[in-house]
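Scroll down for the structure; my scribbles are underneath it.
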Amino acid sequence: MKAAVKPANGKVEIMDVPIPTPGPDDVVIKMSMCTVCGSDMHFVDEFANEMLSFAFPGPHVLPQGLLMGHEGVGTIHEAGSNVKSLKPGDRVLASCLVGCGKCHECMTVDHSVCSGGGRVLFGCQAEYYLVPFAEVNVAKVPDSVSDEHAILISDILSTGFGAIERANAGFGDSVAVFAQGPVGLCATAGARARGCGLIIAVDAVPERLEMSKKFGANVVINAKEEDPVQKIMSLTDGKGVDVAVEAVGTQATFEACTRAVRRGGTVSSVGVYGLTPQISMPTLAPSFLHRQIITTLCPSGRDRMEHLIDLVANGNVNLEPLFTHRMKLDEVPAAYDLFRSKQGGVLKIAITP
Ligand SMILES: [Zn+2]
Ligand SMILES: [Zn+2]
């Protein structure tokens, strides 16, 4: 089969590799659509394959390199002998973080922080991909949910909404979302879905700010034209927002969040900092006193996916405008270049076999 493989740092190639075979608890999915994600850029550019195979042991690391891609949708091709609730032909998606379903973290926290063999799902950018612990990580997708929405549910919709939920932003609260890339836009949409009172979107790319208005932002701030923290203070009578979401993973935006949040408020960090070894915060800002800092990995697992599927299937959110480009699996290397460049208004790329 054709699959996107990372043979060395900074490189992605389409290679011919064997179709995976499922173990007793696994399924193999025939991909119908996949995409590239900000995390893929970190995996390709920053992390050596050896480091990733050590961190996430499993069949996704081939002798040729790392199988790429963790956001996909498709139909069950083959199910392992212990998998009872899924059968060949079922249309399904899997969480981008797969948990064992049995460890303390899976049972009491979230599948995303599994300590029982869970990991990032790799290999969706291929004709077929393997999902471990299928009963707890794979959800059936009804016809009313498009492939595009299914892909978003597998990662960034869950991640962006998670940043809002875990910060407890609700009816009437003020929220600022720093960076309106795909995850930030999902956080903006999540703030709207949860009934927040004032939703402020910050970015430096005009197309992304335009999109944020469609997804529910009440006010947009172009960080190239004005100081976002000052503007947020003037919009909130000098108090700051209840919740500031960091959705890109830089020191500058994290720090801005800590300055933009009101006393007692919450900084919700969901951006991926990659190999940034440390972030810091100002202790002399008024908002340093009595506040929370929350970090979130994509909330995962079948039950989470099913909840988000209901949200989309019944038309309560529509994030399909995130898909700005369409490409074929053969073009995955070009998709990485396009996504990394942030050119041409790119947000999400729908990739089909
Ligand atoms: Zn992702
Ligand atoms: Zn687990």
Side-chain angles (χ1 to χ4, degrees), residues 4 6 12 25-26 31 33-47 52 55-58 60 66-73 93-126 129 131-138 147-163 179 181-187 190 247-249 270-274 296-305 308 319 322-323 325 332 335-336 338-340 342 346-351:
K6 171 194 169 186
V12 178
D25 299 320
D26 310 335
M31 184 271 283
M33 190 180 284
C34 67
T35 188
V36 293
C37 169
S39 309
D40 289 328
M41 306 303 135
H42 293 291
F43 291 140
V44 165
D45 293 341
E46 296 170 15
F47 295 93
L52 284 165
F56 309 114
H60 55 285
L66 179 74
L67 282 169
M68 292 303 302
H70 56 268
E71 300 174 12
V73 57
L93 67 85
S95 296
C96 67
L97 294 163
V98 287
C100 72
K102 291 177 185 159
C103 71
H104 170 75
E105 286 77 8
C106 279
M107 301 286 279
T108 64
V109 186
D110 194 277
H111 287 55
S112 59
V113 288
C114 175
S115 65
R119 59 169 171 83
V120 180
L121 185 66
F122 286 99
C124 296
Q125 293 156 5
Y129 60 99
V131 182
F133 312 117
E135 292 274 9
V136 292
N137 297 303
V138 173
D147 278 353
E148 287 83 351
H149 263 141
I151 284 178
L152 295 176
I153 289 167
S154 75
D155 183 356
I156 68 165
L157 196 161
S158 187
T159 304
F161 278 40
V183 171
L185 284 164
C186 287
V248 62
V270 78
V272 178
Y273 294 92
T296 299
L297 266 175
C298 176
S300 295
R302 189 179 71 191
D303 184 64
R304 169 70 173 180
M305 299 297 109
L308 296 177
L319 298 181
L322 277 174
F323 283 86
H325 290 72
V332 161
Y336 274 76
L338 173 65
F339 193 87
R340 197 185 282 109
K342 297 184 184 165
V346 66
L347 287 167
K348 276 305 223 188
I349 306 167
I351 299 166

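Both ligands and their constituent atoms are indexed starting at 1 by order of listing. Just so we're clear, the structure is a prediction, and the values are computed from it rather than from any experiment. Sequence positions, counted from 1, serve as the residue numbers for this chain.
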For the residue pair Phe122 and Phe56, categorise the inter-ring angle as parallel (less than 30°), tilted (30 to 60°) or perpendicular (more than 60°).
tilted

Distance check below 2.8 Å: does His111 bring an N, O or S atom to the Zn ion (ligand 2)?
no

Given Val36, which of Leu338, Val346, Ile351, Val44 fulfils the side-chain contact (heavy atoms from CB on, under 4.5 Å) condition?
Ile351

Ignoring hydrogens and geometry beyond distance, is a side-chain donor-acceptor pair present between Asp155 and His70 at under 3.5 Å?
yes

Regarding Ser95 and Arg304, do their side chains bring together a donor and an acceptor under 3.5 Å, going by distance alone?
no

Here the vertex angle at the Zn ion (ligand 2) for SG of Cys100 and SG of Cys106, given to 10°, is 120°

Do you see an N/O/S atom of His104, backbone or side chain, under 2.8 Å from the Zn ion (ligand 2)?
no

Sorted by chain and residue number, the salt bridge (Lys or Arg N to Asp or Glu O under 4.0 Å) partners of Lys348 (sequence neighbours excluded) come out as Glu71

Salt bridge (Lys or Arg N to Asp or Glu O under 4.0 Å): pairs with one or both residues in residues 36-47, sequence neighbours excluded
Asp45-Arg340

Metal site angle (apex the Zn ion (ligand 2)), SG from Cys103 and SG from Cys114, 10 degrees:
110°

According to ring pair (Phe, Tyr, Trp, His ring centres under 6.0 Å), who are the partners of Tyr129, at least two apart in sequence or on a separate chain?
none

Pull up every protein N/O/S atom sitting under 2.8 Å from the Zn ion (ligand 1), skipping waters.
Cys37 SG, His70 NE2, Glu71 OE2, Asp155 OD2

Provide the closest heavy-atom pair for Leu322 versus Leu347 in the form atom of the first, atom of the second, distance.
O-CB, 3.2 Å

